[in-house]
Protein chains: 2
Amino acid sequence: MCFQSYIVIMIRLTSAEENYLKAVYHLSQEGKTTVSTNDISSEMKTKPASVSDMLRKLAEKEVIDYRKYYGVNVTENGKKYALQIIRKHRLWEVFLVEKLRFAWDEVHEVAEELEHIKSPILIQRLDEYLGHPKFDPHGDPIPDEYGDVKARPRLPLNELAINDGGQIVAVKDSSAAFLRYLDKVGAYIGARIKVLDKVEFDGSLEILVDNKKTLFMSKDVAANILVLQQ
Amino acid sequence: MCFQSYIVIMIRLTSAEENYLKAVYHLSQEGKTTVSTNDISSEMKTKPASVSDMLRKLAEKEVIDYRKYYGVNVTENGKKYALQIIRKHRLWEVFLVEKLRFAWDEVHEVAEELEHIKSPILIQRLDEYLGHPKFDPHGDPIPDEYGDVKARPRLPLNELAINDGGQIVAVKDSSAAFLRYLDKVGAYIGARIKVLDKVEFDGSLEILVDNKKTLFMSKDVAANILVLQQ
DNA sequence: ATATTATTTTAGCTTTATCTAAATAATATT
DNA sequence: AATATTATTTAGATAAAGCTAAAATAATAT
């Protein structure tokens with residue numbers, strides 16, 4: 001006889017529902033307590049009418065709390081579900097980069113498809129195969145199978161002072177264009193950097209990368225690079 | 001300037017359409033020239049009415065020839081498309097068994113989902129990563145990117161004579177139950193076998209496996225094991 | 001306090017993939 | 001050859017996920 005100390009939640013979402021839940025979860029992580037229909041609409045690139053429809057469904061399946069006209073909150077169950085999708089997405093990203101030699105700016109779309117494959121054992125084995133990675137190629141933390149995330153304290157590069165140093169651990173903007181730019185200048189995840197100078201006038205910075213190369217970047221670029229300070 | 005010597009066929013099927021095309025292709029490989037609606041219906045576990053509907057769509061996209069009430073044939077384009085789905089399915093099966101330590105009877109359902117991921121580069125890289133395998137874990141050949149398959153001449157085990165030997169290269173019935181049975185008795189893909197005796201009465205066989213173990217099997221089981229004769 | 005604007009929802013339509021029930025074509029039987 | 005049976009298709013319905021247009025509600029501006 002085997003008594004389990006937790007209750008297995010049996011929620012089954014379609015791929016479309018999973019994508020909306022993920023969007024709501026991500027938006028809810030960006031500060032605001034409740035997420036609006038329009039926010040979700042522009043995130044998902046669908047019309048607000050479609051969002052309203054979907055919110056009704058997600059509320060029925062109890063992954064969000066939904067008060068008409070007032071916006072939504074993710075429930076505890078919703079959070080757990082969203083974190084499992086994010087876990088799958090990021091594990092596949094690690095696989096694509098480390099095993100299949102994808103560049104870090106090529107992985108998002110494919111991972112977006114792979115994350116919806118329904119097989120708990122597949123993800124468990126993939127995780128094991130990859131050596132239980134804690135961070136994805138963009139430096140974002142990978143939730144464990146219980147939804148726990150190991151967050152690293154990190155700072156936008158533009159907030160470092162002259163002579164401060166650290167390691168690039170993530171990027172805020174992970175658009176392909178931005179990632180390609182970083183690749184080009186050699187500012188990859190894991191690179192050791194040091195701020196050599198900051199220009200008062202426009203906030204641009206002079207950076208030393210891996211004790212070898214110096215490069216200049218605008219404040220806007222630096223604001224999108226997250227650093228683990230040393 | 002670059003002139004290509006072939007025309008890229010731009011057909012786009014939904015996952016459901018891909019599954020039907022695959023079923024039609026597989027059935028058409030089993031001898032008969034044209035495939036009937038009922039055959040597809042029982043293969044797909046959907047109603048004949050749904051099949052008729054789908055055949056109309058597949059004919060519109062020119063992957064099958066369809067004459068009402070007479071059944072269907074796969075077109076050249078259809079064949080190419082079907083072989084690419086099969087290629088993806090089998091490459092994923094190799095990945096699951098060789099890299100993620102799945103048993104060969106656990107891979108089918110997951111591969112069934114993975115085969116629909118739309119990314120040519122993903123499959124190219126996966127193939128490379130796996131070392132361009134030519135056969136899947138059940139011994140079935142993996143078509144190359146042009147749809148060419150390296151078939152191995154093979155014989156059902158029950159058709160071997162006493163003292164004939166060979167190597168198990170594939171199974172006809174790849175149901176989980178059958179594969180588990182084979183695993184249990186140690187008759188895996190690649191095993192070297194020799195027919196020690198055949199019982200006239202019921203056609204059952206006594207087999208030597210890997211020069212070590214002998215086992216008895218019914219004619220029905222033997223008929224589902226394909227052997228590369230030596 | 002009311003009018004205007006912005007946001008959100010509802011109602012009704014479309015497409016895809018399924019179904020059931022009814023109609024039609026092909027085949028088999030007497 | 002006429003009829004019965006089986007196979008296949010058509011017609012009409014449903015559920016999911018989107019859309020547009022219109023209505024309802026909330027927020028804001030006068």
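Just so it is clear: chains get the letters A, B, ... in the order the sequence lines come, proteins before strands, and each one is counted from 1. Hydrogens, waters and symmetry mates play no part in the numbers below; they use all other heavy atoms, side chains included.
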Original post:
Sequence neighbours excluded, which residues qualify as side-chain contact (heavy atoms from CB on, under 4.5 Å) partners of B:Lys219?
Top reply: B:Asn158
Original post:
Over how many whole Å does the gap from B:Lys57 atom NZ to C:dT14 atom P extend?
Top reply: 17 Å
**OP:** Could you list the residues that satisfy side chain to side chain donor-acceptor pair (under 3.5 Å) with B:Asp65, not counting sequence neighbours?
**Re:** none
Name the pairs: protein N/O against N/O of nucleotides 9-12 of chain C, kept only if under 3.5 Å.
unit_1 : atom_1 : unit_2  : atom_2 : d
C:dT9  : OP1    : A:Tyr66 : OH     : 2.5
C:dT9  : OP1    : A:Tyr69 : N      : 2.9
C:dT9  : OP2    : A:Thr37 : OG1    : 3.0
C:dT9  : OP2    : A:Ser52 : OG     : 2.7
C:dT9  : OP2    : A:Tyr66 : OH     : 3.3
C:dT9  : O4'    : A:Tyr69 : OH     : 3.4
C:dT10 : OP1    : A:Lys68 : NZ     : 2.4

Subject >> Between C:dA17 (P) and B:Ile40 (CD1): distance, integer Å >> reply: 15 Å
Subject >> Partner residues of A:His89 under the side-chain contact (heavy atoms from CB on, under 4.5 Å) criterion, sequence neighbours left out >> reply: A:Glu93, A:His108, A:Ala111, A:Glu112, A:Glu115
**OP:** Would you mind reading off the distance between B:Glu17 atom CD and C:dT16 atom P, rounded to a whole angstrom?
**Re:** 8 Å
Original post:
Out of B:Arg154, B:Lys150, B:Arg87, which one pairs with B:Asp140 under the salt bridge (charged side-chain N to carboxylate O under 4.0 Å, His left out) rule?
Top reply: B:Arg154
Original post:
In dot-bracket notation, what is the pairing pattern of DNA chain D, taking Watson-Crick (N1-N3 plus N6-O4 or O6-N4) and G-U wobble (N1-O2 and O6-N3) contacts under 3.5 Å, with [ ] crossing and | for other strands?
Top reply: ||||||||||||||||||||||||||||||
Original post:
With no hydrogens and no angle check, do the side chains of B:Asp173 and B:Ser175 hold a donor and an acceptor under 3.5 Å apart?
Top reply: yes
Original post:
Is a side-chain donor-acceptor pair under 3.5 Å present for A:Asn19 with A:His116?
Top reply: yes
**OP:** Over 60° means perpendicular and under 30° means parallel, so classify the ring planes of B:Phe95 and A:Tyr129, tilted if in between.
**Re:** perpendicular
Original post:
Is the cationic atom of B:Arg56 (NZ for Lys, CZ for Arg) positioned less than 6.0 Å from the six-membered ring centroid of B:Tyr66 and within 45 degrees of its normal?
Top reply: no
Subject >> For atom CG of A:Asn38 and atom C1' of C:dT7, their distance in whole Å >> reply: 6 Å
Original post:
Will you find, in the side chains of A:Thr46 and A:Tyr20, an N or O donor that is under 3.5 Å from an N or O acceptor?
Top reply: yes
Original post:
Hey, where on DNA chain D does chain A first and last touch, going 5' to 3'? Cut-off is any atom under 4.0 Å from a heavy atom.
Top reply: D:dA16 to D:dA26
Subject >> Side-chain heavy-atom pair A:Tyr81, A:Glu76 within 4.5 angstrom cut-off >> reply: no
